[in-house]
Amino acid sequence: MIDRIMGTTEAWETGRLGQDEQYAQVADIDTSELDAALGLQPITLRMSQDLIADLEDLAVLHGLKGSQPLIRRVLSDYVLEEKGRLQNVSADESDD
């Protein structure tokens, strides 16, 4: 008899479902199509090896797969914060 796991949200989020390697396969996908669909553009960025190692460590702590998603998150957060700050400065200046 097969032990079945209910297909609940909790079962997926905890990994009881969807993480069995015997059912995994490598997707045959063109990464340029994926980048285009996600609106991503590859860039080249030079950083010190120490900084890269620190970013890799932080990515793991945040549950991310590598430094690139962490860098995207950090940069996106910074840009949103900076845009908000600049809007506040602009609004304050127009009040004067």
Side-chain donor-acceptor pairs under 3.5 Å in residues 47-76, sequence neighbours left out?
residue: S48; atom: OG; partner: L51; partner atom: N; Å: 3.1
residue: E56; atom: OE2; partner: S67; partner atom: N; Å: 3.4
residue: E56; atom: OE2; partner: S67; partner atom: OG; Å: 3.1
residue: S76; atom: OG; partner: R72; partner atom: O; Å: 2.9

Side-chain donor/acceptor pairs under 3.5 Å, residues 32-42, sequence neighbours excluded:
residue: S32; atom: OG; partner: D30; partner atom: OD1; Å: 2.8
residue: S32; atom: OG; partner: D30; partner atom: OD2; Å: 3.1

Sequence neighbours left out, cut at 3.5 Å: what donor-acceptor pairs do the side chains of residues 82-89 make with other protein atoms?
residue: E82; atom: OE1; partner: R85; partner atom: NE; Å: 3.3
residue: E82; atom: OE2; partner: R85; partner atom: NE; Å: 3.4
residue: E82; atom: OE2; partner: R85; partner atom: NH2; Å: 2.6
residue: N88; atom: ND2; partner: G84; partner atom: O; Å: 3.4

